[in-house]
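So that the names make sense, note that chain A is the first sequence line, chain B the second, and so on, each numbered from 1.
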Amino acid sequence: MSEGDTTAVSATGGEPPPSGNLLSGPQPNVAGAAGYPDAPPRVGFFTDTSVCIGCKACEVACKEWNAVPEDGLELTGMSYDNTQGLGADTWRHVAFIEQRLPETGREPGGGHEGFDAFEAARNLGTSPSPSPSPSPDGAISPVSPDGRTELRWLMSSDVCKHCTHAGCLDVCPTGALFRTEFGTVVVQADVCNGCGYCVPACPYGVIDQRKEDGRVWKCTLCYDRLGVGMEPACAKSCPTDSIQFGPLEELRARAAARVAQLHAAGVTEARLYGESPQDGVGGDGAFFLLLDEPEVYGLPPDPVVTTRDLPAMWRHAAVAAVSLAALGVASFAGRRR
Amino acid sequence: MSESDVTRGGLRGARPGRDAVTGAQDAGRSRRGRRRRGRGRGEQPMVPEARFSSYYGRPILNKPTWQALDIAGYLFLGGLAGASSLLAAGGQASGRPGLARVAKLGAAGAISGSLGALVHDLGRPARFLNMLRVFKPTSPMSMGSWLLAGYAPLTMAAAAADVTGRARVAGAGATAAAACLGPAVATYTAVLLSDTAVPSWHEGYRELPFVFAGSASSAAAGLALACAPAGQTAPARRMAVLGAGLELGAFQLMKRRMGLVAEPFEQGGPHRLLRAAELLTAGGAALAAYPGTGRRRGRACAVAAGVALLTGSAALRFGVFHAGVASAEDPRYTVVPQRERLRARTG
Ligand code: SF4
Ligand code: SF4
């Protein structure tokens with residue numbers, strides 16, 4: 001929050017008024033809508049997966065800072081990812097995707113046969129890297145004559161999205177889940193009664209119940225650290241700045257510039273995920289730059305907060321209840337026997 | 001790769017990590033040739049599999065942590081109680097005390113059981129009163145808790161007044177009030193399931209309350225048929241037929257409307273449960289429609305109809321519960337409909 005040179009929010013002096021609809025759609029002032037009259041600017045994460053190296057420093061830092069218990073030592077055998085997914089005891093999860101793609105002739109090529117690493121190292125910084133032969137136009141796969149494919153690794157550190165319209169928060173019957181003054185979503189462990197309703201309500205599969213303890217747990221966006229002006233532990237520990245923390249407005253501007261930069265460099269598959277306030281959850285507080293479709297990373301392609309449809313659900317249930325009452329009356333109507 | 005300078009004053013210029021450009025050489029080539037797709041889970045799907053990507057076939061959603069016995073049981077008992085309250089009030093108003101008593105006891109017993117199941121399912125049962133800490137219309141569970149907090153005492157008062165024969169006026173009032181809340185108790189549970197990201201629960205939100213209303217009526221009618229004096233069960237018989245019709249019709253409509261996410265209802269365990277529910281409910285309703293000939297035969301017939309209707313209703317709730325869990329466990333049901341939605345939107 002310190003490096004806020006051009007945050008739109010602070011420049012205009014104060015948050016925009018909360019929008020009317022509290023269940024879905026854009027909501028420029030989440031904290032205001034939650035009843036904080038003069039809240040600090042909303043903060044979040046921009047996770048730029050194009051620079052993630054899969055070191056899992058974030059996973060470790062999160063566990064350490066938040067004293068999250070061990071969650072089983074399992075080898076999945078599917079990839080280098082043995083964490084598997086977010087849950088009660090995993091608040092940061094580094095997804096690790098190994099893809100075989102047709103040879104694209106890009107820098108990190110596939111087969112390394114005939115490649116002299118020492119030669120390359122000697123030339124490092126002195127000559128431009130030899131550019132691979134361009135691939136034939138229009139060909140899709142496989143483009144290299146011997147049918148070789150390129151291997152690429154995608155790594156992405158997943159986290160709670162701190163949704164603008166958070167399904168978990170909406171459905172919590174106890175008020176254990178609440179919106180903080182920073183616009184984030186946090187569980188109060190001393191209130192949660194472990195009803196588990198928030199678990200299936202989250203469209204991203206983030207929050208989960210800790211079996212031994214009965215309550216639910218998830219990322220707090222280091223609420224304790226925010227309170228004293230520190231950035232969250234994961235962002236602090238990320239060696240490549242793949243995880244960037246800051247006021248959401250600023251992060252959005254930075255992300256747009258980064259996508260433009262990547263596109264200009266030919267990485268046309270770079271795209272933002274969860275950044276648009278127009279999406280089904282009104283935009284994520286923690287959004288991502290991805291290099292493939294979201295579902296490849298285990299993210300839903302078009303998540304919608306379930307409570308968007310809640311008014312319609314109540315209406316249908318009300319009509320059904322009236323029908324049931326009518327059915328009861330009809331059962332007693334007619335001739336007596 | 002590094003455009004930054006390390007100086008005595010610290011790092012100058014762009015941060016290397018943040019601005020590194022991945023594999024940037026071959027401008028503009030599309031990478032559409034992706035070969036990845038979700039792994040099937042052993043079973044061969046009946047319809048040609050829609051192509052989709054997933055993260056090693058792992059689910060996107062976290063599946064409900066609820067225990068089937070607790071929550072499906074809660075749905076079933078809540079429905080049984082809600083519709084029984086209708087029979088209780090009707091029986092009382094139309095001078096069928098035997099029917100009214102069975103229905104009152106049924107409602108009070110079922111709602112106690114359903115509350116027990118709900119509390120048992122909490123991770124922290126001792127904190128169950130936290131449910132009444134807030135009043136939150138966006139949370140069906142909060143609304144349900146308040147509803148039950150009002151409804152359960154009414155059913156108990158009605159049953160107690162009936163059994164003891166005291167405070168008749170108050171008992172009649174409680175019976176009538178419970179009948180007003182009963183339909184809501186029976187149908188709000190559909191919203192409880194639908195208001196989640198679980199594909200096969202959410203997508204059915206239009207019809208599911210009607211399915212549950214029908215299922216509640218057939219269960220309550222079943223209980224009355226099995227336990228009430230034969231001469232007073234005419235309304236229960238009618239309710240059985242109407243309820244079964246509503247349940248089966250609404251369920252068919254729901255499945256037709258849901259598209260791909262109706263699949264979990266038609267595969268494996270949930271399918272067997274739902275098929276059994278269909279047969280039991282239809283058979284029970286048919287038996288209920290025929291009063292049977294002769295005293296003994298009539299009685300046996302009514303009991304058989306009642307048991308079939310009750311088990312049918314329970315099987316439906318378990319089937320719907322398990323189908324939802326199955327839809328959350330398979331990324332297909334999350335990804336494919338969302339992809340289609342995106343495609344439709346972007347044209
Ligand atoms: S991602 Fe899930 S757990 Fe996080 S705020 Fe959104 S709904 Fe809640
Ligand atoms: S499990 Fe806890 S946080 Fe989740 S909905 Fe229930 S009370 Fe709220």
- Item | Main-chain N/O of A/C195 paired with B/R124 side-chain donor or acceptor, under 3.5 Å | no
- Query: What closest approach, in Å, do B/A197 and A/P203 show between heavy atoms, and which atom pair accounts for it?
  - Reply: CB-CA, 3.7 Å
- Closest-packed option against chain B by number of heavy-atom pairs under 4.5 Å, given A/A320, A/A270, A/G328, A/C238: A/A320
- Query: Can you find a pair of side-chain heavy atoms, one from B/V335 and one from A/P301, that are under 4.5 Å apart?
  - Reply: yes
- Item | Side chains of B/Q338 and A/P303 in contact at under 4.5 Å (non-hydrogen atoms) | yes
- Task: Tell me, with the steps shown, if A/W314 and B/M143 meet side-chain contact (heavy atoms from CB on, under 4.5 Å).
- Result: CA-CA 11 Å; A/W314 284 130; B/M143 298 315 281; 3.8 Å; yes
- Stepwise side-chain contact (heavy atoms from CB on, under 4.5 Å) check, B/N130 with A/V191: CA-CA 7 Å; B/N130 280 7; A/V191 176; 4.0 Å; yes
- Message: Among A/C52, A/G196, A/G85, A/P311, which residue has the highest count of heavy-atom pairs closer than 4.5 Å to chain B?
- Response: A/G196
- Query: In Å and rounded to the nearest 0.5 Å, what is the CZ to CG distance from B/F210 to A/L327?
  - Reply: 11.5 Å
- Of the listed residues (B/V241, B/L242, B/V211, B/L129), which shares the most heavy-atom pairs with chain A below a 4.5 Å separation? B/L242
- Query: Does the side chain of B/S217 reach to within under 4.5 Å of the side chain of A/L324, using non-hydrogen atoms?
  - Reply: yes
- Query: How close do B/V198 and A/P200 get, heavy atom to heavy atom, and via which atoms?
  - Reply: CG2-CB, 3.7 Å
- Find the distance between CG (B/L192) and CE (A/M313) and round it off to the nearest 0.5 Å. 11.0 Å
- Query: Taking C-beta and beyond as the side chain, do A/D302 and B/R345 meet within less than 4.5 Å on heavy atoms?
  - Reply: yes
- Take atom OH in A/Y80; do more than 12 heavy atoms of anything else shown fall under 6.0 Å from it? no
- Honestly, the part of A/I53 sitting under 4.5 Å from a heavy atom of chain B is neither
- Query: Out of curiosity, B/S142 OG to A/D170 CG, how far, rounded to the nearest 0.5 Å?
  - Reply: 12.0 Å
- Query: With a 4.5 Å limit on heavy-atom distance, are the side chains of A/V304 and B/R341 in contact?
  - Reply: yes
- Query: With a 4.5 Å limit on heavy-atom distance, are the side chains of A/E293 and B/R339 in contact?
  - Reply: yes
- Here the side chain to side chain donor-acceptor pair (under 3.5 Å) pairs for residues 189-199 of chain A, sequence neighbours left out, are none
- Contact part of B/P137 toward chain A, heavy-atom cut-off under 4.5 Å: side chain, backbone, both or neither? backbone
- Message: Working to the nearest 0.5 angstrom, can you tell me the gap between A/R308 CZ and B/D195 CG?
- Response: 12.0 Å
- Message: Out of A/A312, A/C168, A/C202, A/A201, return the one with the most heavy atom pairs under 4.5 angstrom to chain B.
- Response: A/A201
- Does any heavy atom of chain B fall under 4.5 Å from the side chain of A/V206, the backbone, both, or neither of them? backbone
- Compare every heavy atom of B/T187 with every heavy atom of A/A321, then report the nearest pair and how far apart it is. CB-OG1, 3.6 Å
- Query: Between A/S331, A/C198, A/G214, A/S323, which shows the greatest number of heavy-atom pairs under 4.5 Å with chain B?
  - Reply: A/S331
- Item | Inter-residue atom distance A/D208.CG - B/K63.NZ, 0.5 Å rounding | 9.5 Å
- Note on the structure: Applying a strict 4.5 Å limit to non-hydrogen atoms, the region of B/R206 in contact with chain A is both
- Going through the checks in order, is the side-chain contact (heavy atoms from CB on, under 4.5 Å) test met by A/F332 and B/R96? CA-CA 11 Å; A/F332 283 89; B/R96 294 180 175 94; 3.5 Å; yes
- Message: Below 4.5 Å, heavy-atom pairs only: which of A/T76, A/L169, A/D309, A/V305 has the largest tally toward chain B?
- Response: A/D309
- Message: If we ignore hydrogens and angles and just use 3.5 Å, is the side chain of B/R133 paired with the main-chain N or O of A/T174 as donor and acceptor?
- Response: yes
- Message: Just so I know, are the side chains of A/L310 and B/P140 near enough to count as touching, which here means a heavy-atom distance under 4.5 Å?
- Response: yes
- For B/Y205, what residues pass the ring-ring contact (aromatic ring centres under 6.0 Å, His included) criterion, not counting sequence neighbours? A/H316, B/H202
- Message: Heavy-atom cut-off 4.5 Å, strictly under: side chain, backbone, both or neither for B/S145 against chain A?
- Response: neither
- Side chain from CB out, backbone as N, CA, C, O: work out which of these in B/L181 comes under 4.5 Å of a heavy atom of chain A, or both, or neither. neither
- Item | side-chain contact (heavy atoms from CB on, under 4.5 Å) between A/C172 and B/K136, worked out | CA-CA 8 Å; A/C172 174; B/K136 208 169 153 186; 3.9 Å; yes
- Query: For A/V296 and B/S53, which heavy atoms make the closest approach, and how far apart are they?
  - Reply: CG2-CB, 3.7 Å
- Message: Can you confirm whether B/T138 sits close enough to A/L23 that some side-chain heavy atom of one is under 4.5 Å from a side-chain heavy atom of the other?
- Response: yes
- Note on the structure: Interface check, chain A: of B/G324, B/P235, B/P209, most non-hydrogen pairs under 4.5 Å belong to B/P235
- Go through B/T65, B/V134, B/L61, B/L86 and name the one with the most non-hydrogen pairs under 4.5 angstrom from chain A. B/T65
- Would you confirm whether B/Y55, through its side chain, and A/Q84, through its main-chain N or O, come within 3.5 Å as a donor-acceptor pair? no
- A/E295 side, atom CD; B/S54 side, atom OG - distance, nearest 0.5 Å: 9.0 Å
- If you count heavy-atom pairs under 4.5 Å with chain B, which of A/T306, A/V319, A/I207, A/V329 comes out on top? A/T306
- A/T307 portion near chain B, given a 4.5 angstrom heavy-atom threshold: both
- Query: For B/F212, is it the side chain, the backbone, both or neither that has a heavy atom under 4.5 Å from a heavy atom of chain A?
  - Reply: neither
- Message: Can a side-chain donor-acceptor contact be found between A/D81 and B/Y56 if the only test is distance below 3.5 angstrom?
- Response: no
